[in-house]
Amino acid sequence: MEVTQIEKIRHSLSHIMAQAVLRLFPDTKLGIGPAIDNGFYYDFDFGDQDFSEQKLRKIEKEMKKIIKRNLAFTQEMIPREGAIERLKTLKAEYKLELLDGIEDDPLSFFITGDGEFTDLCRGPHVQRTSEIPIDGFRLIKTSGAYWRGDEKNKMLTRIYGYAFETKEELETYIYNMEEAAKRDHRKLGPELGLFMFSEIVGPGLPIFLPQGNILRETIEDYIKEKKKEYGHQFVTTPHMAKSDLYIKSKHWQKYDAMIPPINIDGDEYTLKPMNCPHHFQVYLNEKRSYRDLPLIIAENAVVYRFEKSGELGGLLRVRGLTQDDSHWFIRPDQIGEQVNVALELMSEIYNDFGMTDFRAEISAADRDNMDNYLGDPAMWDEAESKIEGILKTKEIEYKVNPGEAAFYGPKIDLQAKDTLGREWQLMTIQLDFNQPDNFDMTFTNSEGEDEKVVVLHIAILGSFERFMAIMIENYAGAFPLWLAPTQVKILPISGEKHGEYAHEVAQRLKEQGIRVEVGDKNERIQKRIRQAELAKVPYIAVVGDKEAETNTVAVRIHSKQDQGLQTVDEFINNLNEEINSKTYYLND
RNA sequence: GCUGGAUUAGCUCAGUUGGCUAGAGCACUCCCAUGGUAAGGGAGAGGUCUCGGGUUCGAAUCCCGAAUCCAGCUCCA
C-alpha cells in the first residue's frame, strides 16, 4: 500500500520524539512508535527516571531542535545476527522481543544523519527533517499502555502527539476536537436534564430524569412497534435467575463479567448478564413445529454486567444496560433469508434515526485456536461463509476480524456513521449453533423428526443507553421533533395578560399528543426565549395581544429566527406532519 | 483492573510560597420593573473545601489511603 507523505511525517516524528526523549532521559527504553490517524505515539519505559506530563513541552522543544538541524534519515540493512548484537548494545530489550515476530533478514534500521539515534524500523520516513512542518505537531498527552497490548505485561508510558502537514490543519483539528467535546453526551445529558449519575447509587448505573425518560420511552415505543410489524413477540423475564441457568448456557464458565452470585435459601442466584437463556425457556415451553419458525422472542430488558471500573464511561459503557434484545429461532435453511430480514429491519429503523451510512464487521473464529470456541469447526465455516454471502449480495461493505467471535458463534456488527462521520458499533446479529445443543432446543421437521433449531441473537439498537448517548451527540442535544422531550414551548409576552391564552393553546396541543410546556415565569420575554433556546426546544411559540386576538402563534424554530404568525390550526398541522414524517427541522 | 490527571455552593470556576468569619457568575428565594424574539435592576439564602487518617501552633493548600470522574491501555452493547 502506498504510504502518504503525512504518514511518513507522522512516523518520522515518532522517531524524533524518541530521540528527544533519549536526550532528556538517557536511561529510557524504547517500545514501539507508529503513526496513527491524527498523529503518532511512542511507548517508553522510563524506569526510575522522574517523568511527568509537565515534561511534554520540554520534549517538544528538543524535537524542534532536532528537526531544525535538517538531518537526513538513512536506512541501513543489517544481517539478522548483527542486528541482534546491535540491539543488545543499544539495550533495546523491547525491540529484541519484537524480533520473535519478525522474520526479515536482513533487518532494516533507521539512523539519523548524525548517527546519534538508531531505531529498528521498516520505514518509510521522510528523506530529511526539513520535510517536517515545525509547527504542524504538538505533544498532547501521556497514558499507560501495556507492552504488546497484553494486560499481563508491563505497562509502558505512551506519549501521543497530533501531527499535520500545516499549522492551520493542526489548529483546525484541535478546534474540531473542542467542538466535538461540546456535544459530548456526558456534558449535554445532565445539562438538558436527560440523565444523571449518583455516587451512592454506584458507578455505571445511570438514572434517567423525566426529560431523558421521555426520549427513552419515545425510542422504545417506536422500536417496539417496528419489531411487532416484523413479527416479534414480546415477553417479560426476571432480572435474576439461578446461577444454574448460566452454568447450563456455559456463560458461567466463559463469560467474565458476571455479577458475583448471592445465596438465597441455599441456592445461588445472579443478576442476568444476558437474556438468551431466559428466552430459551420460552422456546422450550412448547413443542415447536417447523411451521412455527421463525419464532421471534423479544424483550427490552436490563442486564447487569460487572464491567471493570476503568472501562465505564457515560452512557456508552454502563453496568446496567437495557438491550433491545431478540432471539430468532429459525430452521437451518432459513439462515440466509432471516439474516436478510434482520438487515431490512435494521436499515428501516436506522434510516428513521437519520443514520444511513453502514459498514459491517464480521467477528469470526480464530482458526488457529478452535479450542476456545464451542461447537464443530465445520459449522463455523458454514455460518461465516453464509454471512459473507448475504453482505455481498446486499452490497454492504464489510471486514472480517478473525479471533473476535464470541465463544458460541460468529457475529455481524454494524458500524453506523453519525453526522460527524464517527463510527459506532450498535447493532449485532449473533449466529448461534451451540446454545441449541446446551438447551436441547429442537423443532419437529416436515418428516416428523426432531431437528436442532438455529438461534439468531439480534439487538438493533444495541442498548438504549449507548444508543441514546449516540443520539445526543449526533444531534448535539437538539433532537428532531418526534424525539424531542419538550416539543413546543409557549411563551406569553406577559404571564399575567396572556397566560390564559397560552394555556388554551397548550391545551389544544396536548389534546393532539404534542409535548408542550408553558413558560410563564415572571421574566422578560427575551430571557425566556434564551432559556428555551438553551434547552434546545424545537419550537417556541410566542403569544401576546396580537396572537390572542387572531387565534395565532408567533413561531420560532430552535436556532433560527422568528418564522412569523401561524394560526393555531396551521401550527398543529405542521407539527403533526413533522412528527409523523420524522423529518429534522435543521436539515434543509 | 492498569498508568497518569482531576475533585472548592445545584452548575461553571477564582482562591498568591499553609495564616483571621472561603469568593464570583449563573441557577434558586423575595422585592421592584409588566416586558415582542438569546441575559432588566436590587436584596437574600446556599459550602463538614469528595471522604478517612497524618504532619503542623495552624491545612481547601503538604503527606498517606479510599471514593468518584476524565484520558489512554485492556475488555465490551
Side-chain angles (χ1 to χ4, degrees), chain A residues 41 43 45-46 51-54 56 140-160 181 184 186-187 190-191 193 196-204 255-257 273-274 303 305-325 363 404 406 411 413-414 424-428 430 457 459-467 469-470 491-499 521-535 540-547 554-564:
Chain A
Y41 69 78
D43 288 345
D45 181 355
F46 285 99
F51 173 79
S52 71
E53 205 162 305
Q54 282 78 43
L56 290 185
I140 297 303
K141 64 197 169 190
T142 63
S143 82
Y146 297 108
W147 169 238
R148 305 187 101 172
D150 187 335
E151 65 179 325
K152 290 185 199 77
N153 285 342
K154 182 165 180 172
M155 182 160 269
L156 308 181
T157 303
R158 177 172 296 177
I159 301 180
Y160 286 91
D184 190 324
R186 291 170 300 193
K187 184 170 146 49
E191 266 174 25
M196 62 173 282
F197 286 93
S198 154
E199 221 171 281
I200 198 165
V201 171
Y255 190 70
D256 64 358
M274 46 257 308
V303 296
R305 300 179 177 181
F306 200 77
E307 304 292 353
K308 294 177 191 167
S309 58
E311 288 159 359
L312 301 172
L315 295 182
L316 285 171
R317 198 74 182 275
V318 293
R319 284 183 173 156
L321 58 133
T322 317
Q323 289 183 312
D324 69 308
D325 212 354
S363 297
E404 291 202 355
K411 78 179 168 172
D413 288 316
L414 270 141
W424 301 96
Q425 184 187 311
L426 298 165
M427 179 196 188
T428 61
Q430 173 93 52
H457 306 250
I460 305 270
L461 302 183
S463 80
F464 284 99
E465 289 77 11
R466 179 172 286 184
F467 191 75
I470 289 155
L491 303 179
I493 300 285
S494 157
E496 222 166 282
K497 271 164 70 186
H498 317 111
K521 232 182 97 178
N522 199 8
E523 295 283 357
R524 295 177 73 213
I525 185 69
Q526 289 91 331
K527 185 162 185 177
R528 283 176 284 141
I529 286 171
R530 176 180 158 81
Q531 284 166 342
E533 285 287 343
L534 291 175
I540 297 168
V542 176
V543 297
D545 290 337
K546 199 167 44 177
E547 290 77 13
V555 178
R556 180 187 168 115
I557 300 179
H558 168 63
S559 81
K560 295 184 178 181
Q561 296 299 310
D562 189 352
Q563 305 291 304

Q. Where do Val555(A) and Asp562(A) come nearest, in terms of heavy atoms and distance?
A. O-OD1, 3.2 Å
Q) Within a radius of less than 6.0 Å around CG of Asn153(A), do more than 12 heavy atoms belonging to other residues, nucleotides or ligands occur? A) yes
Q: In whole angstrom, give me the gap between the P atoms of G15(B) and A6(B).
A: 14 Å
Q: Using the P atom as the reference point in each nucleotide, state the distance between U50(B) and U61(B) in Å, no decimals.
A: 8 Å
Q: Write down the distance separating the P atoms in G46(B) and A9(B), rounded off to the nearest Å.
A: 15 Å
Q) Rounded to the Å, how far apart are Lys521(A) NZ and A27(B) C1'? A) 8 Å
Q: Rounded off to whole Å, could you give me the CG-to-P distance for the Asn153(A) and U3(B) pair?
A: 14 Å
Q: Work out which heavy atom in Ser363(A) is nearest to a heavy atom in Asp413(A); give both atom names and the distance.
A: OG-OD2, 3.7 Å
(Q) Output the pairing pattern of RNA chain B as a dot-bracket string, 5' first, Watson-Crick or G-U wobble with both distances under 3.5 Å, | for cross-strand pairs, [ ] for crossing pairs. (A) (((((((..((((.....[...)))).(((((.......))))).....(((((..]....))))))))))))....
(Q) Please give me the minimum heavy-atom distance between Glu307(A) and Arg319(A), naming the atom from each residue. (A) O-NH2, 2.7 Å
Q) Looking only at atom C1', what distance separates G65(B) and U7(B), rounded to whole Å? A) 16 Å
Q) Between Glu533(A) and Ser559(A), does any side-chain donor sit less than 3.5 Å from a side-chain acceptor? A) no
(Q) Without decimals, in angstroms, what is the distance between Ile140(A) CD1 and G5(B) C1'? (A) 15 Å
Q: Determine the Euclidean distance between corresponding C1' atoms of U48(B) and G52(B); express it in Å to zero decimal places.
A: 13 Å
Q. Considering all heavy atoms of both residues, which atom of Leu315(A) and which atom of Ala469(A) are nearest to each other, and what is their separation?
A. CB-CB, 3.9 Å
**Q.** From Ile159(A) atom CD1 to Ile140(A) atom CD1, the distance as rounded to the nearest 0.5 Å
**A.** 12.0 Å
Q) In B/S/- notation, 5' to 3', how is nucleotides 37-50 of chain B contacted by protein heavy atoms closer than 4.0 Å? A) BBBB----------
**Q.** Nearest-0.5 Å distance that lies between atom CG in Asp256(A) and atom NZ in Lys308(A)
**A.** 6.5 Å
**Q.** Nearest-0.5 Å distance, CD1 of residue Ile529(A) to CZ of residue Arg556(A)
**A.** 5.5 Å
Q) Distance between the C1' atoms of G47(B) and U55(B), in whole angstroms? A) 26 Å
Q. Roughly how far, to the nearest 0.5 Å, is CG of Asp324(A) from CE of Met427(A)?
A. 9.0 Å
Q) Which pair of heavy atoms, one from Ser463(A) and one from Leu321(A), lies closest together, and at what distance? A) CB-CD1, 3.8 Å
**Q.** Spacing of the C1' atoms in G23(B) and A60(B) (rounded, Å)
**A.** 13 Å
Q.
Taking the P atom in each of C11(B) and G5(B), what is the distance between them to the nearest angstrom?
A. 25 Å
Q | Separation of atom CG in Leu56(A) from atom P in G4(B), rounded to whole Å | A | 14 Å
Q. If every non-hydrogen atom of His498(A) is compared with every non-hydrogen atom of Val543(A), which pair is closest and at what distance?
A. CB-O, 3.8 Å
Q) Where along nucleotides 70-77 of chain B does protein come under 4.0 Å, by heavy atom, of base (B) or sugar-phosphate alone (S), with - for untouched nucleotides? A) SSBBBBBB
